[in-house]
Number of protein chains: 2
Amino acid sequence: MDDVDRQLLVLLQQDAAQSYAALGQAVGLSAGATHERVRKLRERGVIRRTAVEVDPAAIGRGVLAFVMVDSTKWVGDSGDRFAAIPEIQEAHVIAGSAAVLVKVRTATTEQLQDVLRRIYAIDGVSGTQATVVLETFFERPVTP
Amino acid sequence: MDDVDRQLLVLLQQDAAQSYAALGQAVGLSAGATHERVRKLRERGVIRRTAVEVDPAAIGRGVLAFVMVDSTKWVGDSGDRFAAIPEIQEAHVIAGSAAVLVKVRTATTEQLQDVLRRIYAIDGVSGTQATVVLETFFERPVTP
DNA sequence: ATTGAAAGCTTTTTACT
DNA sequence: AGTAAAAAGCTTTCAAT
């Protein structure tokens, strides 16, 4: 992982649809060498995948909320229970009490309420504290 | 936005590097028609961009935390102040008091502390409450 | 809006440095 | 690791439906 790799990652986070020739020109390498470096970044798992980024509002997910979930039992192995709720975009085990922090996207606040109901139905969950987002300043890739 | 468009979005969120021929086969369309649909999804802004997804730990961002930021003044136009801190991956204005919720990725907890210091330095910020993530269950695309 | 095919690039491989 | 060039494959455009 040198400077060129880091530069390539930044460029590919901005636009993964550009050609290796263009990428190579930007970092001062031939298309072939650029291709080989990107291939290795994938192989080593630094690049996990290439994906399109979708506007949440355009697909009926205009409401964003973060929900703190409290539990009376150990939550370390209940990831699947959260994954089973499709409106949950992220779920993290957090420090403090037995707790999980989830990021939820729904079409309406009514649907958000329904997601909270389904979270409550998870075994051991003793409480939720939802925080609704009014405006997203930015969401951006993590730069190296 | 019909069912085929939604299917295409799901497939492209999983792997945007596949060919239009493969995509078309999956949804029962020719490569040309698939290309045209994807082009329109881009044009309409449903697809924002194509990007690689990078493993945060591999680029020295193994520590993840969510930080609630309280402020004594209106925060609606201080997005740039948060954007100026590169370790902040997301920043959202949240309901409740004058507050912002940010997602931070750093290499170490010492660096996290330094980010908190820089957040405190933002005009009007009166307090922060950091929650460190112990384990990420999942982070996934929003499905239509 | 979709098809099928042609033209023009890109990726991917290979031989060489 | 990098370069350069060839082969294979893909994107993009276009006439037709």
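What you are looking at is a predicted structure, and each value in this text was computed from that prediction instead of being measured. Chain letters run A, B, ... following the sequence lines, proteins first, then strands; residues in each count from 1. Heavy-atom basis, side chains included; hydrogens, waters and symmetry copies ignored.
At a threshold of 4.0 Å, the pair A:K103-A:E139 counts as salt-bridged, since one of the basic side-chain nitrogens sits closer than that to a carboxylate oxygen. At a threshold of 4.0 Å, the pair B:R81-B:D123 does not count as salt-bridged, since none of the basic side-chain nitrogens sits closer than that to a carboxylate oxygen.
Using a 4.0 Å heavy-atom distance criterion, A:R39 is classed as making no nucleic acid contact.
Distance from the side chain of B:S19 is smallest to D:dT11 among C:dA1, D:dT3, D:dT11. The side chain of A:A33 has D:dT3 as its nearest neighbour among D:dA1, C:dA1, D:dT3.
Put simply, the side chain of A:R49 gets close to the backbone of B:Q13: a donor and an acceptor are under 3.5 Å apart.
The CG atom of B:L8 sits 14 Å away from the P atom of C:dA1 (whole-angstrom rounding). If you take CD of B:Q18 and P of C:dT11, they are 16 Å apart, rounded to a whole angstrom. For the pair B:L29 CG and D:dT11 C1', the interatomic distance rounds to 16 Å; values are reported in whole Å. Spacing between atom CD of B:E36 and atom P of D:dT13 amounts to 10 Å, rounded to whole angstrom units. Computed from coordinates, the A:D15 CG to C:dT10 P distance equals 13 Å when rounded to whole Å. What separates CZ of B:R42 from P of D:dT11 is a distance of 11 Å, to the nearest Å. Atom CD of B:Q25 is separated from atom C1' of D:dC10 by 15 Å (rounded to the nearest Å). B:Y20 places its OH atom 18 Å from the C1' atom of C:dA5, with the value rounded to the nearest Å.
Shown are A:R44, A:R48, A:R42; of these, the salt bridge (Lys or Arg N to Asp or Glu O under 4.0 Å) with B:D55 is made only by A:R48.
Close to D:dT11, at under 4.0 Å from its OP1 or OP2, lies no side-chain N or O of B:H35.
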